[in-house]
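What follows is a set of notes on a single structure, which appears directly below.
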Amino acid sequence: MKIAFIGLGNMGLGMASNLARHHSVRALDISPDAIARAVEAGCEAATDSAHAVEGADVVVTMLPAGAHVRMVYADLFQHAAPGTLMIDCSTIDVASARDVISEATELGFAMIDAPVSGGVAGAAAGSLTFMCGGEADAFERAQPLLDIMGANVFHAGPAGNGQVAKICNNMLLGIHMIGTCEAFNLAAKLGLDAQTFFDISSTASGQNWSMTSYCPAPGPVPGAPSNRDYQPGFAAAMMLKDLRLAKEAATTARAATPLGAQAESLYALMEAAGEGGLDFSGVMKLINGSL
Ligand code: NAD
């Protein structure tokens, strides 16, 4: 199968490399260095979008935000052959995802949104989770490729629902991470050490993923970023991006998300303090006053 892969940054490089082990991949990015790294990983360099999609059965994109996705697809629609399958794996606003997929469908392409979780390590290892939105036929065509890049692949419903699943999940993650930080900080201030509180709460009703897999207090979960001075992992700036997307979608849908909005404010403070590059569990430093 011939694949055009556009956007070879932190995530896209690993994903394109994994596809290139099974298929012919033509790689395009605005950064020549990014293309050079993809060529080293077994891809062929594309000179422009027309060259990237020439003879391609599938296009995969992994771009920063909705504006990039709109711009790149406006160009791709001029050059891709009718029936080409398009898979946008970027995390973007729901409205842009739905608009671009709707235009693709009108033009005779098949397209899904397929944002991911699992981070750079998951992209390199081929163990990402994909949350997909779009027509069942398009999803079924995409699944064998998503299986190469990921370990878990979900069809969440119509166009844009992959983005909905992603931002709702990450909004919940941001909220329970902050709640977990507050609980561990209060316990410490009241004289209860992190390990003892962890042993109790991880088997009681406060148990949650932020605590048991990613504990923001150093000690109880040895592999967690809290044990390496909050080096990411999943950066606070990326969490802030997802919380902003959730807020934007909540405004459009007229859904009340007061805790999501509060979480966004706290991660914005972290970024304003110059610490957006820390892991998102580093919000503990904001809570305990050590930032
Ligand atoms: P990145 O900035 O490292 O990569 C984006 C790439 O797109 C860059 O190489 C950039 O040069 C390229 N690009 C930008 N505009 C382009 C254009 N017009 N044409 C061609 N290439 C263009 O970002 P990333 O960390 O790889 O993230 C990509 C997406 O994945 C984002 O939407 C992000 O939210 C999402 N995501 C990232 C992570 C993570 O841990 N990094 C985790 C899950 C999801």
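When a ligand or atom number is given, it counts from 1 through the structure's own listing order. None of these values were measured; they are calculated from a predicted model.
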Query raised in the report: Would you say the side-chain atoms of N161 pair up with the backbone N or O of V164, donor to acceptor, closer than 3.5 Å?
Result: no

Report task. Look at the aromatic rings of F280 and F234 and report parallel, tilted or perpendicular, splitting at 30° and 60°. Result ->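 Answer is perpendicular, since the angle exceeds 60°.
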
Query raised in the report: Angle class for the F77/F109 ring planes (parallel below 30°, perpendicular above 60°, tilted otherwise)?
Result: parallel

Query raised in the report: Is it true that D229 and K285 have a side-chain N and a carboxylate O under 4.0 angstrom from each other?
Result: yes

Please give the N or O to N or O pairs under 3.5 Å between ligand 1 and the protein, distances rounded to 0.1 Å.
residue, atom, partner, partner atom, Å
ligand 1, 3 (O), N10, N, 2.9
ligand 1, 3 (O), N10, ND2, 3.1
ligand 1, 9 (O), G9, N, 3.4
ligand 1, 9 (O), D29, OD1, 3.4
ligand 1, 9 (O), D29, OD2, 2.7
ligand 1, 11 (O), D29, OD1, 2.6
ligand 1, 21 (N), I30, N, 3.4
ligand 1, 26 (O), N10, N, 3.2
ligand 1, 26 (O), M11, N, 2.8
ligand 1, 32 (O), L63, O, 2.9
ligand 1, 32 (O), P64, O, 3.1
ligand 1, 32 (O), T91, N, 3.0
ligand 1, 32 (O), T91, O, 3.4
ligand 1, 32 (O), K241, NZ, 3.0
ligand 1, 34 (O), K241, NZ, 2.8

Report summary line: Interatomic distance, CE@M11 vs CE@M238, rounded to 0.5 Å, equals 7.5 Å

Considering only distance and modelled atom types, tabulate donor-acceptor pairs under 3.5 Å from the side chains of residues 169-182, sequence neighbours left out.
residue, atom, partner, partner atom, Å
N170, ND2, D242, OD2, 2.7
H176, ND1, N208, OD1, 3.3
H176, ND1, S210, OG, 2.7
T180, OG1, H176, O, 2.5
T180, OG1, N208, OD1, 3.4
T180, OG1, N208, ND2, 3.2

